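Please read all numbers here as calculations on a predicted model, not as lab measurements. All residue numbers in this chain count up from 1 along the given sequence.
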Amino acid sequence: MKIDLERIREQFSKDLFATNSGIVIDSVTEDRVVCSMELTPNHKNSVGGVQGGAIFTLADLAFAVHCNMDMVCGEDVGVTVGQSCSISFLKATRGSRLIAETSCLSKGRRVLVYRVSVKDDLGTDIAEMLANGFRTAKINT
């Protein structure tokens, strides 16, 4: 598969919640997706920390990009949707940017499992997510 980063960015620019949160797709390979988000006051919770939903949204978009890159780049494999996710918040961030990095643990015909690690720009481990995806029917059936 030939990865087309601009095509992937164009497809996921339609995810308005993620893009309005400031999330960008930094890099994509078959083995890894990296997305990031500059933190602003809009990402803060009531006590001044980064809101858990903001961290989850970053991890979720990175997961969505990784498990759907085949489909976006032209392979007739169907759309993968999130089936279940578990996220553990590890530490509060002191940095100004969060970075999510994915790895595929299992890729079957229908069920896919990914790990998403979120760090801040200071290298602190912020969260770990385990995400299961379910691949729907092929587009051209």
Undergrad: Hey, are the side chains of Cys104 and Leu112 touching, using non-hydrogen atoms and a 4.5 Å cut-off?
TA: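 No, every pair of side-chain atoms sits at 4.5 Å or beyond.
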Undergrad: Tell me the salt bridge (charged side-chain N to carboxylate O under 4.0 Å, His left out) pairs involving residues 16-40, sequence neighbours left out?
TA: Asp26-Arg97, Arg32-Glu101, Glu38-Arg97
Undergrad: Quick check for you: to the nearest 0.5 Å, what is the distance between Leu5 atom CG and Met69 atom CE?
TA: 10.5 Å
Undergrad: Whether Arg7 and Glu10 form a salt bridge (side-chain N of Lys/Arg under 4.0 Å from carboxylate O of Asp/Glu) is what I want to check.
TA: no
Undergrad: Side chains of Asp15 and Leu61, heavy atoms from C-beta outward: is any pair under 4.5 Å?
TA: yes
Undergrad: Atom CZ of residue position Arg115 - does it have more than 12 heavy atoms of other residues, nucleotides or ligands inside 6.0 Å?
TA: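 Incorrect, the count does not exceed 12.
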Undergrad: Check whether Leu39 and Ile23 end up in the same hydrophobic cluster, where Ile, Leu, Val, Met, Phe, Trp and Tyr are linked by side-chain heavy atoms less than 4.5 Å apart.
TA: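 Shared cluster, yes.
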Undergrad: In chain order, what residues pass the ring pair (Phe, Tyr, Trp, His ring centres under 6.0 Å) check against Phe63, with sequence neighbours excluded?
TA: Tyr114
Undergrad: If you measure from the Lys or Arg side-chain nitrogens to the Asp or Glu carboxylate oxygens, is any gap between Lys107 and Asp70 under 4.0 Å?
TA: yes
Undergrad: With heavy-atom distances below 4.5 Å as the criterion, would you say the side chains of Leu90 and Ile126 are in contact?
TA: no
Undergrad: If you take all heavy atoms of Ala54 and Val50, which pair is closest and at what distance?
TA: CB-CG1, 4.3 Å
Undergrad: With a 4.5 Å heavy-atom cut-off, do Thr57 and Asp60 have their side chains touching?
TA: no
Undergrad: Of the options Asp120, Leu122, Asp125, which is the one that meets Thr93 in a side-chain contact (heavy atoms from CB on, under 4.5 Å)?
TA: Asp120
Undergrad: Ignoring hydrogens, what is the shortest heavy-atom contact between Thr80 and Asn68? Give both atom names and the distance.
TA: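 Scanning both residues, the minimum pair turns out to be N-OD1, 2.7 Å.
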Undergrad: Do Arg135 and Val79 have side chains that approach each other closer than 4.5 Å (heavy atoms only, starting at C-beta)?
TA: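 No; the side chains remain at least 4.5 Å from each other.
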Undergrad: Do Ser27 and Thr29 have side-chain heavy atoms sitting under 4.5 Å apart?
TA: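 Heavy-atom side-chain distance check fails, nothing below 4.5 Å.
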Undergrad: Check whether the side chains of Glu128 and Ser88 place a donor and an acceptor atom closer than 3.5 Å, and report yes or no.
TA: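 No, no side-chain donor-acceptor pair sits under 3.5 Å.
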Undergrad: To the nearest 0.5 Å, what is the distance between OG on Ser96 and CE on Met37?
TA: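 Ser96 atom OG to Met37 atom CE measures 11.5 Å (nearest 0.5 Å).
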